[in-house]
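Take a look at the structure set out below.
This one's a predicted model, so the numbers in the text were calculated from it and none came from an experiment. Because only heavy atoms are used, hydrogens play no part in the values below, and waters and symmetry mates are left out as well, while side chains stay in.
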Amino acid sequence: MEDFQQLYKEIEQQIVSLAESTVSNYKKQAIQDAKKILADMKVDLIRWTDLLALKQIKVNEFEWLVNSDKELVKMKALEKAGLAVARASAFGLTVLNLIIDTSIRKIAGNTPVVVPVIT
């Protein structure tokens, strides 16, 4: 993808907004954890967004690839700060969805996924 840095910065900005709106009392820790997830998957994300932009993978394959990195969703700073494990984990999974949604919107546009009807 030509403008990956712009996409990366947009995802970082959305992480800040997400943290402010969902875990405001733990915003600093949430941002720290979410940016670590993003940084840990950056190399893969560059490759996957390139493949998506070149139409070498489908949107659902891109989603599967990002979701396959769920082991990265370890919200250590949030849990250490006292946020319940379930809530911290939910925030982490929301970060993955944010990465997916933002990438797809930027690369594939708002084109709906067409599911063939089997008759």
Side-chain angles (χ1 to χ4, degrees):
M1 180 180 175
E2 287 179 21
D3 210 358
F4 182 80
Q5 285 307 112
Q6 183 179 351
L7 171 65
Y8 195 87
K9 286 179 184 178
E10 183 173 334
I11 292 170
E12 284 184 321
Q13 292 169 346
Q14 289 185 15
I15 285 170
V16 172
S17 296
L18 177 67
E20 289 172 344
S21 66
T22 59
V23 288
S24 58
N25 291 338
Y26 300 92
K27 180 177 90 169
K28 179 181 173 188
Q29 295 88 349
I31 292 169
Q32 176 185 341
D33 282 341
K35 285 187 175 183
K36 174 142 180 39
I37 291 170
L38 186 60
D40 287 349
M41 66 186 316
K42 184 175 183 177
V43 172
D44 288 332
L45 197 55
I46 290 169
R47 185 174 63 248
W48 299 336
T49 54
D50 280 343
L51 291 171
L52 184 61
L54 295 170
K55 299 185 187 306
Q56 293 180 353
I57 61 172
K58 298 175 187 171
V59 170
N60 63 335
E61 292 169 316
F62 176 78
E63 289 180 31
W64 184 86
L65 288 166
V66 173
N67 279 319
S68 70
D69 270 349
K70 283 185 182 173
E71 75 274 356
L72 293 176
V73 180
K74 293 177 178 67
M75 309 307 289
K76 293 177 183 172
L78 273 177
E79 290 175 16
K80 188 175 179 183
L83 189 64
V85 174
R87 193 160 171 221
S89 179
F91 177 80
L93 294 175
T94 303
V95 169
L96 287 182
N97 286 329
L98 183 147
I99 292 168
I100 290 167
D101 292 344
T102 304
S103 299
I104 290 171
R105 188 181 70 250
K106 283 295 217 183
I107 298 166
N110 291 321
T111 308
V113 177
V114 178
V115 179
V117 177
I118 300 173
T119 55

If the condition is ring-ring contact (aromatic ring centres under 6.0 Å, His included), which residues does Phe62 pass it with, not counting sequence neighbours?
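Phe62: no ring-ring contact (aromatic ring centres under 6.0 Å, His included) contacts found.
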
With side-chain contact (heavy atoms from CB on, under 4.5 Å) as the criterion, how do Lys106 and Asp3 come out once you've worked through the C-alpha distance, each side chain's angles and the decisive distance to 0.1 Å?
CA-CA 10 Å; Lys106 283 295 217 183; Asp3 210 358; over 6 Å; no

Is the number of heavy atoms from other residues, nucleotides or ligands under 6.0 Å of Glu61 CD greater than 12?
yes

First locate atom [atom1] of [X], then atom [atom2] of [Y], and finally report the distance between them rounded to the nearest 0.5 Å.
X	Y	atom1	atom2	value
Leu38	Ile15	CG	CD1	5.0 Å
Asn97	Thr102	CG	OG1	10.0 Å
Gln13	Ile11	CD	CD1	10.5 Å
Leu65	Leu45	CG	CG	10.0 Å

How far apart are the closest heavy atoms of [X] and [Y], and which atoms are they?
X	Y	result
Thr94	Ala90	OG1-O, 2.8 Å
Ile46	Thr49	O-OG1, 3.1 Å
Ile57	Trp48	CD1-O, 3.7 Å
Ala34	Phe91	CB-CE2, 4.0 Å

Test: Asp44 and Arg47 ion pair at under 4.0 Å:
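Between Arg47 and Asp44 there is a salt bridge, with a charged N closer than 4.0 Å to a carboxylate O.
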
Report yes if some heavy atom in the side chain of Leu52 is under 4.5 Å from a heavy atom in the side chain of Ile104; otherwise report no.
yes

Check whether Ile37 and Ile31 end up in the same hydrophobic cluster, where Ile, Leu, Val, Met, Phe, Trp and Tyr are linked by side-chain heavy atoms less than 4.5 Å apart.
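As far as the 4.5 Å side-chain criterion goes, Ile31 and Ile37 are not connected within one cluster.
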
If hydrophobic clusters are built from ILVMFWY residues whose side chains come within less than 4.5 Å, do Val16 and Val95 share one?
no

Assess the residue pair Val23 and Gln29 against the criterion (side-chain contact (heavy atoms from CB on, under 4.5 Å)); give the C-alpha distance rounded to whole Å, side-chain angles, the decisive distance to 0.1 Å, and a yes or no.
CA-CA 9 Å; Val23 288; Gln29 295 88 349; over 6 Å; no

Would you check, one step at a time, whether the test side-chain hydrogen bond (donor to acceptor under 3.5 Å, both in side chains) holds for Gln14 with Glu10?
CA-CA 6 Å; Gln14 289 185 15; Glu10 183 173 334; 3.1 Å; yes

Please list all pairs meeting salt bridge (Lys or Arg N to Asp or Glu O under 4.0 Å) that have one or both residues in residues 12-25, counting only residues at least two apart or in different chains.
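As it turns out, the salt bridge (Lys or Arg N to Asp or Glu O under 4.0 Å) pairs with a partner in residues 12-25, which skip direct neighbours, are Glu20-Lys27.
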
Are any side-chain N or O atoms of Ser21 and backbone N or O atoms of Leu18, one a donor and one an acceptor, separated by less than 3.5 Å?
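Yes; at least one donor-acceptor contact below 3.5 Å.
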
